[in-house]
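Keep in mind that the numbers below use all heavy atoms, side chains included, and drop hydrogens, waters and symmetry copies.
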Amino acid sequence: MEPQKKNKPNSLVLILFALIILMVIIYFILVLFFPTVFDLMNTGELQPVPDK
């Protein structure tokens, strides 16, 4: 009986997954230390339409 081969994901998939996790961690660090930067960002809130 041969030993079963482990099904390993592609290295590109691992790199992309690690980058996504890293970006989320960096986002929370930035929000923690620089909250004013994210307060000034446009979040697409609804604004009243001026009457013509």
Side-chain angles (χ1 to χ4, degrees):
M1 271 266 190
E2 291 182 24
Q4 289 186 347
K5 294 182 180 179
K6 296 280 185 180
N7 189 11
K8 292 184 179 178
N10 193 357
S11 61
L12 184 64
V13 173
L14 288 176
I15 291 171
L16 289 175
F17 191 70
L19 279 175
I20 291 171
I21 294 173
L22 197 64
M23 285 170 60
V24 169
I25 293 170
I26 289 172
Y27 170 77
F28 281 113
I29 291 173
L30 286 174
V31 168
L32 192 68
F33 289 107
F34 306 107
T36 54
V37 173
F38 295 95
D39 288 341
L40 298 174
M41 284 178 61
N42 183 16
T43 56
E45 293 167 349
L46 292 175
Q47 297 177 352
V49 178
D51 292 331
K52 291 186 178 179

Asks: When hydrophobic residues are tied together by side-chain contacts of less than 4.5 Å, even through go-betweens, does F33 share a cluster with L22?
Replies: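 Per the 4.5 Å side-chain linkage, F33 and L22 are co-clustered.
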
Asks: Does L32 have any side chain to side chain contact (heavy atoms under 4.5 Å, CB included) partners at least two apart in sequence or in another chain, and if so, which?
Replies: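 With sequence neighbours excluded, L32 shows a side chain to side chain contact (heavy atoms under 4.5 Å, CB included) to no residue whatsoever.
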
Asks: Do L14 and M23 sit in one hydrophobic cluster, given that two such residues count as connected whenever their side-chain heavy atoms are within less than 4.5 Å of each other, even indirectly?
Replies: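 Per the 4.5 Å side-chain linkage, L14 and M23 are not co-clustered.
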
Asks: Mind checking what makes side chain to side chain contact (heavy atoms under 4.5 Å, CB included) contact with N7, not counting sequence neighbours?
Replies: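 If we apply the side chain to side chain contact (heavy atoms under 4.5 Å, CB included) test to N7, skipping adjacent residues, there are no hits.
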
Asks: Residues two or more places apart in sequence or in another chain: which of them pass side chain to side chain contact (heavy atoms under 4.5 Å, CB included) with I20?
Replies: none

Asks: I'd like to know if V31 and F34 are part of one continuous hydrophobic network [Ile/Leu/Val/Met/Phe/Trp/Tyr, side-chain heavy atoms within less than 4.5 Å].
Replies: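 They do share one cluster, since a chain of ILVMFWY contacts under 4.5 Å joins F34 to V31.
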
Asks: Name all pairs fulfilling the ring-ring contact (aromatic ring centres under 6.0 Å, His included) condition that reach into residues 8-29, sequence neighbours left out, sorted by first residue then second.
Replies: Y27-F38

Asks: Which other residues belong to the hydrophobic cluster containing I15, where Ile, Leu, Val, Met, Phe, Trp and Tyr are joined when side-chain heavy atoms lie under 4.5 Å apart, directly or via other members?
Replies: L19

Asks: Under the side chain to side chain contact (heavy atoms under 4.5 Å, CB included) test, which residues partner I25, sequence neighbours left out?
Replies: I21, I29

